[in-house]
Each structure stands twice: as C-alpha cells, then as structure tokens.
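First comes the structure, then the notes that go with it.
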Amino acid sequence: MFNTTIPDHCKRAKLDIGLSYNAPHSQLWLDNNSDDLVVFGFEPAQDCIDSIMSPENKKRHEVHGEPLKRKYIDSGNFVMNQYALGNVENKETRDFYINENDVGTSSLYQPVSEILGPLKRKTTVDVLSLKMFFDEFPWDKIDHIEYIKIDAQGEDLNILKGAGDYLKERVVYVTAEPGAYGYYGAEENSRNNIANYMFKQGFSIVNHPNTVDPTFINKKFLDKKDDVYICQLS
C-alpha cells in the first residue's frame, strides 16, 4: 500500500507529513545531508503532488521555503506517499478541501472562508494511519525514525494517535502544528492536547532553536539528542 523503499545508500529516515506545493522541509533536511538520509513525504492533494514532482516548480511567495530539488526524487532520497494520514484502523475515504489562495492550507476539515479565503474545490482522498505505514516499514534496514514533522491543518493530533506504539518505540523527535482556528471541527488539535498526548507517549517538550511549532524528544532516545538534525521554521 505504502511506498517504503529505502535506497541501499540510506541509513537514516525522517517523515515529512503535509508538504504543501514545495516540500520545503524535506529540501532543508536533504540539503543538510543527503548522503545517507531518506525522507518519506505524505501529501494527499494532487495539486501539491504535481508541483513537487515537476522539475519546473518554483516558490510562489518570498517567505516560502525553497522547493524540493528534483535530484532528491530521482536519487530515491525522497519517497512520496499520496495519502492523508489520520487515526484510522482501516483505509477510509474522506472529503478534502482545496483552498484557492494557498494550496498549502488545504485540509480534511472545511475551511472558514473568512480566514483562509475561497474554496477552490472539494475532492476525496484516501486516509490511512502511521501505524499502517510502520507495519510495512523495513525495520531491518533502519531501526528508528529520526524525526517526524507534521503540518496537517487540524489533523496533527489524530495523526500522532494513529501511530500506535510505534511513536514511543521507534521515533526520536516529533514536531506537530497545534491549533486550527481556520477550520470547522478541528478544535481538539490544541497545543495542550498535543503536549499531553506526547507526554503520555514518553516524550518531553524541547525548546529547539530550529523549530517553531511544539517539538518533543523521546526520553528513550536522549542519547541521540545531539546527533539528529531537525528543522521546521515555517
């Protein structure tokens, strides 16, 4: 179901969940060191997929990060999975809302137009879970995930819950975006709810200079704290 392909030269893995049209964080991570890193990207919006996969992709606003370089896709250092993620036990199909002004704000939740602007269209996407992905992951090749960054427009907490025990057993760092005041029905995705859930999973919060949203480290992997490059600046 998932693409979990790990090139022979890759010994480390990160997950980038919610890519927008340019996958800027994957780009930052791979530019930092692509020699042995594979990044698994998750993005349900076809508009975003088409842009990321295009060698002509360019950033659309000066404050946006640089788009993912095509060479990382061709080398296998970046692996795309065109799914939405959530807290589900089996694959589901849900409505997905594509926003006109900024495709990066598209969501499983209906946007509040007064905040995010007009709706371009509504479509449907497949929703799976991180547990399903990790069930298929080749742990014999890479035995832990260095970093998971989530920016899923209101679904971040559900994505974390959908990881099952893998989160506390296999993941070093997590950054998740709280809040979703621009969407109907996403109120549970609060800073406190995310933090409380991560604490129960054995993580502690860290004030990391390279991240903006709440970031957590697994107490089980404190020995790796200074060995993992993480970055989430937008």
Side-chain angles (χ1 to χ4, degrees), residues 2 4 10 12-34 37-45 48-49 52 63-69 72-73 77-87 103-108 128-131 133-134 137 142 144-163 166-168 170-180 189 191 194-195 197-198 201 203-218 221 224-225 227-234:
F2 289 96
T4 60
C10 291
R12 300 180 294 116
K14 291 179 168 71
L15 272 58
D16 193 353
I17 302 172
L19 303 176
S20 188
Y21 70 91
N22 53 345
H25 294 101
S26 294
Q27 170 62 29
L28 282 169
W29 306 339
L30 289 165
D31 261 1
N32 177 261
N33 186 350
S34 62
L37 174 65
V38 59
V39 175
F40 294 93
F42 298 83
E43 174 58 53
C48 293
I49 301 289
I52 291 168
V63 302
H64 293 173
E66 292 297 324
L68 179 68
K69 295 174 184 173
Y72 294 132
I73 300 172
N77 287 89
F78 178 85
V79 180
M80 179 71 77
N81 280 276
Q82 190 173 355
Y83 296 113
L85 295 176
N87 186 18
V103 69
T105 62
S106 301
S107 176
L108 291 167
L128 290 85
S129 71
L130 276 179
K131 181 181 183 301
F133 173 76
F134 288 142
F137 192 82
I142 296 178
H144 68 278
I145 304 298
E146 288 188 338
Y147 185 37
I148 298 177
K149 181 235 85 187
I150 310 175
D151 185 352
Q153 308 304 308
E155 190 70 358
D156 299 55
L157 177 58
N158 283 331
I159 291 172
L160 292 168
K161 289 180 176 179
Y166 286 109
L167 203 63
K168 60 186 176 184
R170 299 280 191 172
V171 180
V172 181
Y173 278 104
V174 171
T175 296
E177 181 186 51
N189 192 59
R191 184 178 294 267
I194 289 174
Y197 183 76
M198 295 303 292
Q201 296 301 306
F203 286 72
S204 59
I205 197 163
V206 294
N207 183 18
H208 200 285
N210 287 354
T211 65
V212 174
D213 288 327
T215 299
F216 307 87
I217 187 168
N218 193 333
F221 293 112
K224 301 183 184 298
K225 176 173 67 73
D227 300 331
V228 176
Y229 173 78
I230 70 173
C231 189
Q232 180 265 336
L233 296 179
S234 61

Determine, step by step, whether F2 and Y83 satisfy the ring pair (Phe, Tyr, Trp, His ring centres under 6.0 Å) criterion, reporting the C-alpha distance in whole Å, the side-chain angles of both residues, the deciding distance to 0.1 Å, and the verdict. CA-CA 9 Å; F2 289 96; Y83 296 113; 5.2 Å; yes
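The nearest pair of heavy atoms linking M80 to E43 is SD-CB, 4.5 Å. The minimum heavy-atom distance linking L28 with C231 is given by the pair CD1-SG, 3.8 Å. Shortest non-hydrogen contact noted between S129 and G162 is CB-O, 3.5 Å. Here the shortest heavy-atom pairing between L68 and Y72 reads CD1-CD1, 3.9 Å. The heavy-atom pair separating I17 from L85 by the smallest distance is CD1-CD1, 3.8 Å.
Atom CG of D227 is surrounded by more than 12 heavy atoms from other residues, nucleotides or ligands within 6.0 Å.
Ring to ring, Y229 and Y147 are not that close: their centroids are 6.0 angstrom or more apart. Taking the ring centroids of F40 and F137, they lie under the 6.0 Å cut-off. A ring-centre distance under 6.0 Å is not found for F203 and F216.
Interatomic distance, K161 NZ to L130 CG, rounded to the nearest 0.5 Å: 14.0 Å. The CG atom of L19 sits 6.5 Å away from atom CD1 of I49, with the distance rounded to the nearest 0.5 Å. Atoms CD and CZ, on E146 and R170 in that order, are 14.5 Å from each other to the nearest 0.5 Å. Interatomic distance, CG of N22 versus CD of Q27, reported as 9.5 Å (0.5 Å rounding). Between the NZ atom of K149 and the OG atom of S26 there is a distance of 7.0 Å, given to the nearest 0.5 Å.
Checked by atom type, the side-chain pair T211/T175 shows no donor-acceptor distance below 3.5 Å. No side-chain donor from either of S34 and N77 sits under 3.5 Å from a side-chain acceptor of the other. D213 and Q232 form a side-chain donor-acceptor contact under 3.5 Å, judged by distance and modelled atom types alone.
With N210 contributing its side chain and I230 its backbone, the two residues share a donor-acceptor pair below 3.5 Å.
Between H25 and W29, the two ring planes are tilted [angle within 30° to 60°]. Taking the six-membered ring for Trp and thresholds of 30 and 60 degrees, Y166 and F134 have ring planes inclined between 30 and 60 degrees apart.
I145 places none of its side-chain heavy atoms less than 4.5 Å from the side chain of V172.
Salt bridge present: D31 and K69 bring a charged side-chain N and a carboxylate O closer than 4.0 Å.
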